Amino acid sequence: MSMDEACYAQRRKRLLDQIEEGVILIPAATHCMRSNDTEYPFRQNSHFYYLCGFEEDHALLVLQRSKKGTKQILFVQKKDRTKELWTGKRLGVSAAKKRFRVDAVYGIDNVDKVLSKRLQGVAHLYIDLYGNEKFLQHIHQLCATLHADRSVKVSPQNFLHVNGLIEKMRLIKSDAEIVRIEQALHITKEAHEKAMHAAQKGMMEYELQALIEQVFKTRGAKSDAYTTIVAGGNNANTLHYIANDSILNAGDLVLIDAGCEYQMYASDITRTFPVSGIFSPAQRALYEMVLQVQLEVINAIRPGIKRSKLQELCEVKLCKGMIALGILKGSCKTVRKKGKHKKYFPHGVGHWMGIDVHDQAPYYDDQGKELRLESGMVLTVEPGIYIDKNDKNVPKKYRGIGIRIEDNILVTKTGYRNLSKDIAKSVAEIEALCVGVTPTG
Ligand code: GLY
Ligand code: MN
Ligand code: MN
């Protein structure tokens with residue numbers, strides 16, 4: 001069940017099977033500069049990783065189908081003692097030849113020479129047309145040179161966007177991919193629960209962030225899957241709050257949206273809990289309402305249902321909950337018709353998750369029809385309620401409260417499996433974890 005070389009070879013074959021003729025180019029990610037000559041941490045291009053499981057930079061995968069059959073070529077960095085002294089070990093050409101089940105491996109410094117030959121006689125080129133502009137421009141230049149060469153009879157004229165073909169494949173996860181997501185969630189659980197236990201008034205949000213990320217790294221996750229959100233009190237009402245630089249106040253809730261990336265697979269979990277360890281009655285009423293909605297949406301997951309149905313269910317249940325608590329007035333029907341609930345629940349019910357936290361996989365088919373859930377898909381369910389501290393339309397006791405509860409769900413043949421079900425979520429579980437800290441005001 002591991003993701004071995006046979007698994008990557010199988011994916012490359014499945015990709016090649018989708019085209020009649022042509023060459024597919026998938027480059028590794030390039031480094032992003034932070035400032036001057038300092039780089040952001042390198043993170044591999046998800047599609048490239050999906051197809052070869054290789055984490056190095058300066059690499060290129062070339063897949064070709066012609067009348068003669070298929071050819072798979074990988075370009076990698078050559079071994080270079082001086083460069084490896086500065087930037088780390090490289091696999092090198094000969095080890096890559098042994099490891100990857102491709103037809104040929106070349107040094108990346110030969111890429112232009114080899115590609116100029118290989119692209120002669122090729123009319124269709126499949127490439128990422130929307131990302132990595134530098135690479136695209138380089139390939140355009142190479143093809144323009146071929147086009148201008150009177151001795152070259154056929155050179156690439158049709159540039160096609162390759163991503164859609166890979167994204168469709170990524171939509172359905174294999175058992176081995178699910179295992180990695182579960183491993184990521186195992187670490188993420190420990191991180192969230194440690195934060196619940198440690199939180200207390202007077203701490204800075206970034207201290208909780210540090211605790212969470214310490215768990216990620218010490219448990220073998222090299223990175224977070226996205227920037228950790230630790231939002232105390234009213235900060236939770238900023239959906240993508242990442243400043244994490246406020247003090248945590250007694251009596252407030254704190255919303256933590258954090259998930260590690262484990263061996264290139266994401267987790268995406270939100271929990272909201274009281275800084276002082278005990279929910280106030282108003283916080284508890286709102287929390288239990290959101291939790292109930294989340295459980296009902298998760299329970300509706302099964303093959304055949306559309307994501308838009310889950311969105312509708314989520315909105316209806318949240319509307320009813322908000323009306324019952326006196327946050328919205330009127331009937332659920334009119335509230336929804338006028339979109340009044342969107343002020344308090346402005347985002348989607350969830351998204352695909354996998355190698356990317358917002359996985360690059362389609363929501364509609366080629367005809368624009370919405371996809372129905374299928375066994376093997378992984379999605380988040382993340383209802384929330386966000387009430388600004390200055391919102392005079394809402395009873396005072398609810399102002400300044402932001403709550404989101406997010407889990408990661410696998411669609412199975414008969415329904416679903418909540419992959420993050422073990423992460424403390426009920427009021428009782430959360431309050432039990434927050435023990436040791438008494439609210440002293
Ligand atoms: N953490 C990003 C999201 O929940 O979509
Ligand atoms: Mn999410
Ligand atoms: Mn999230």
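Treat the numbers as computed from the prediction; the structure is a model and nothing was measured.
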Does Gln283 use its side chain to pair, donor to acceptor, with the backbone of Gly251 at less than 3.5 Å? yes
Using modelled atom types only, decide if a donor and an acceptor are shared between the side chain of Asn408 and the backbone of Thr380 within a distance under 3.5 Å. no
If you look only at pairs with a residue in residues 267-290, which of them pass as a ring pair (Phe, Tyr, Trp, His ring centres under 6.0 Å), with sequence neighbours excluded? Phe279-Tyr287
Between Glu55 and Arg43, is there a side-chain N and carboxylate O pair less than 4.0 Å apart? no
Would you say the ring centroid of Tyr344 lies under 6.0 angstrom from that of Tyr386? no
Atom pairs and distances, side-chain donor-acceptor, residues 311-325, under 3.5 Å, sequence neighbours left out:
{"from": "Gln311", "atom 1": "OE1", "to": "Val349", "atom 2": "N", "distance (Å)": "2.6"}
{"from": "Gln311", "atom 1": "NE2", "to": "Glu315", "atom 2": "OE2", "distance (Å)": "2.8"}
{"from": "Glu315", "atom 1": "OE1", "to": "His341", "atom 2": "NE2", "distance (Å)": "2.8"}
{"from": "Lys317", "atom 1": "NZ", "to": "Glu296", "atom 2": "OE1", "distance (Å)": "3.1"}

Between Asn418 and Ser420, a side-chain donor and acceptor under 3.5 Å: yes
Audit row: Leu419, Ile409, side-chain contact (heavy atoms from CB on, under 4.5 Å) steps and yes/no: CA-CA 6 Å; Leu419 302 175; Ile409 314 294; over 6 Å; no
Before you tell me yes or no, could you show the steps for Lys217 and Glu213 under salt bridge (charged side-chain N to carboxylate O under 4.0 Å, His left out), namely the whole-Å CA-CA distance, both residues' side-chain angles and the distance that decides it to 0.1 Å? CA-CA 6 Å; Lys217 286 211 159 58; Glu213 292 172 2; over 6 Å; no
Are Asp257 and Arg271 ion-paired here, with the side-chain N under 4.0 Å from a carboxylate O? no
State which residues pass side-chain contact (heavy atoms from CB on, under 4.5 Å) with Arg219; sequence neighbours excluded, sorted by chain then number. Ile187, Glu190, Val215
Kindly confirm or rule out a cation-pi arrangement of Arg180 over Tyr262, judged by NZ or CZ under 6.0 Å from the six-membered ring centre and within 45° of its axis? no
Using the benzene-type ring in the case of Trp, are the ring centres of His347 and Phe345 under 6.0 Å apart? yes
Any side-chain to backbone donor/acceptor pair from Gln77 onto Gly92? Under 3.5 Å, distance only. no
Mind listing the closest non-hydrogen atom pair of Pro303 and Thr412 along with its distance? CG-O, 3.0 Å
For the backbone of Ser308 and the side chain of Glu370, can you confirm whether one donor and one acceptor N or O come within less than 3.5 Å of each other? yes
Donor-acceptor pair, Glu84 side chain versus Asp80 backbone, under 3.5 Å? yes
Aromatic contact, Phe54 with Phe100 (centres under 6.0 Å): yes
Whether Lys343 and Asp388 form a salt bridge (side-chain N of Lys/Arg under 4.0 Å from carboxylate O of Asp/Glu) is what I want to check. no
Tell me whether His192 contacts the main-chain N or O of Ala258 through its side chain, where contact means a donor paired with an acceptor under 3.5 Å. yes
Find out whether Leu142 and Leu115 are in side-chain contact, i.e. whether some heavy atom of one side chain is under 4.5 Å from a heavy atom of the other. yes
Does atom NZ of Lys79 have more than 12 heavy-atom neighbours, drawn from other residues, nucleotides or ligands, at distances under 6.0 Å? yes
How about His140 and Phe135: are their ring centres within less than 6.0 Å of each other? no
